[in-house]
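Index from 1, following the sequence.
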Amino acid sequence: MSKKPVHLALQGGGAHGAFTWGVLDYLLEDDRLKIEAISGTSAGALNALAMASHYVAGDVDKAREALSNLWQSMSQHGFFSPYNYSGVSPMFHQWGSVMSWYQSFFSASPYQNPFFNTHFLEGILEEQIDFDSLDYDCSGVRLFVSATNVLTNRLRIFSNDELSVNVLLASSCLPKIHKAVEIDGEHFWDGGFMGNPVLEPLVKDGGADDILIVQVNPLHINTVPASPMEIAERMETIGFNATLSREIRHVAQIERLIESGEIAATTAYGKHLHLLHNEERMSSYSAFTKYDMSWDFLTTLRDMGRETAKQWLEDNYDNIGKRNTLNMEEWEPIYHQPVCEIRE
């Protein structure tokens, strides 16, 4: 049986990216999809490159192992990160949350306090990812990693032969914790500010007709934020979903115009959109758990991702290559359009 070609769009979200690890792990195990291109931001980019460094060689087992090794290494070393409170009591976890928020908004910046500029990822990425294997030779996976230019407010998308440790650090650079990452004389922050993840390179790609979006930042919450921490968390989630929301609406609009015959389908448009997420369970975690690198928490998210991918494939595999499965009602704006009466 031939595999169905797809593109992947992987959202960033710190430790919550372990959910994406689980999704990828199951998709690789299932082995009915051919991954042709991946767009990733922050933790999504880390997952993409760890997997692709072996997937391009056709070794699915090693690709799964690479993902596991990456997250194990981050869990082992992440405990020493200055903003990680994994493995501590729930009471201290809450206090650590308050202190992290206070430091982020009212205390020293990473330029004033070098302790908070320590980036534990650098050594891990050098050890875990074979960047030389990612150069594109038309038989591998096209990779796109986004970062935000601090000075110009422009999105920068790095592709295969440009990828490096610094590019991944730039894509995951939180400005309240790390100094901007310099690449070729330009300075970058987290790609999530401009695209989380970016769909445009996948939409314009002439390959697969289907884009599978793995979302870790939930759209919905159950109560109105009241505390400073809750407000800050919700602002971050809304901001990191905003660009994705706009791109989804744009791609869906193009698809509707093609289906209605108003415009002709081209290789650059007419993509089917699919969403893999677990809105109910992911919304139960506070934003602060994005810094929780404890192995128990990461494997819980991994298992959730595997369950989500398994159920999604059972429900939607036959729709790949045929139609959208993403529920557009969740992404469309709500507004009242006044009706004008025609006067004689």
Practice item. List in chain and number order the residues that pass side chain to side chain donor-acceptor pair (under 3.5 Å) with S164, two or more places apart in sequence or in another chain; answer none if no residue qualifies. Key: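 Per chain and number, S164 pairs via side chain to side chain donor-acceptor pair (under 3.5 Å) with no residue.
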
Can you sort out the partners of [X] under ring pair (Phe, Tyr, Trp, His ring centres under 6.0 Å), two or more places apart, ordered by chain and number?
{"X": "F188", "value": "F158"}
{"X": "W189", "value": "none"}
{"X": "Y55", "value": "none"}
{"X": "H274", "value": "W312"}

Review point. Does anything in residues 42-62 pair up under salt bridge (Lys or Arg N to Asp or Glu O under 4.0 Å), and if so which pairs, sequence neighbours excluded?
Key: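 Counting only pairs at least two positions apart or across chains, no salt bridge (Lys or Arg N to Asp or Glu O under 4.0 Å) contact touches residues 42-62.
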
**Study point:** Pairs involving residues 243-254, ordered by first then second residue, that meet salt bridge (Lys or Arg N to Asp or Glu O under 4.0 Å) (sequence neighbours left out)
**Key:**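 Residue pairs passing salt bridge (Lys or Arg N to Asp or Glu O under 4.0 Å), neighbours aside: none found.
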
With sequence neighbours excluded, residues passing side chain to side chain contact (heavy atoms under 4.5 Å, CB included) with [X]:
{"X": "A18", "answer": "W21, W71, L298, L301"}
{"X": "T41", "answer": "S146, S171, D190, N196, P197"}
{"X": "E314", "answer": "K310, Q311"}
{"X": "E127", "answer": "none"}

**Study point:** Pairs meeting criterion ring pair (Phe, Tyr, Trp, His ring centres under 6.0 Å) with involvement of residues 192-220, two or more places apart
**Key:** F193-F240

Point to revise | Member of L10, L273, L276 meeting the side chain to side chain contact (heavy atoms under 4.5 Å, CB included) criterion with L212 | key: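 The option that passes is L276.
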
Please tell me if the side chains of [X] and [Y] come closer than 4.5 Å, counting only heavy atoms from C-beta onward.
{"X": "I320", "Y": "T325", "result": "no"}
{"X": "I35", "Y": "M51", "result": "yes"}
{"X": "H187", "Y": "V181", "result": "no"}
{"X": "L134", "Y": "S53", "result": "yes"}
{"X": "D210", "Y": "L33", "result": "no"}

Review point. Between K3 and D31, does at least one N-O distance fall below 4.0 Å, as a salt bridge requires?
Key: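 Salt bridge: yes.
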
Review point. Would E307 and R302 pass as an ion pair if we require N to O under 4.0 Å?
Key: no

**Study point:** Closest heavy-atom pair and its distance - F19, Q215
**Key:** CE2-O, 3.9 Å

**Study point:** D184 atom CG: more than 12 heavy-atom contacts under 6.0 Å
**Key:** no

Exercise for review: Examine I238 and Y285 and state if one hydrophobic cluster contains both, with Ile, Leu, Val, Met, Phe, Trp and Tyr joined whenever side-chain heavy atoms are less than 4.5 Å apart.
Suggested key: no

Check your understanding: Would I211 and L8 satisfy side chain to side chain contact (heavy atoms under 4.5 Å, CB included), going step by step from the backbone distance to the final call?
Key -> CA-CA 6 Å; I211 300 175; L8 300 180; over 6 Å; no

Exercise for review: Please test N149 against E186 for side chain to side chain donor-acceptor pair (under 3.5 Å), starting from the C-alpha separation and ending with a verdict.
Suggested key: CA-CA 7 Å; N149 190 304; E186 298 182 293; 3.2 Å; yes

Review point. Between N241 and Q11, is any side-chain donor less than 3.5 angstrom from a side-chain acceptor?
Key: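 Distance-only check passes for N241 and Q11.
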
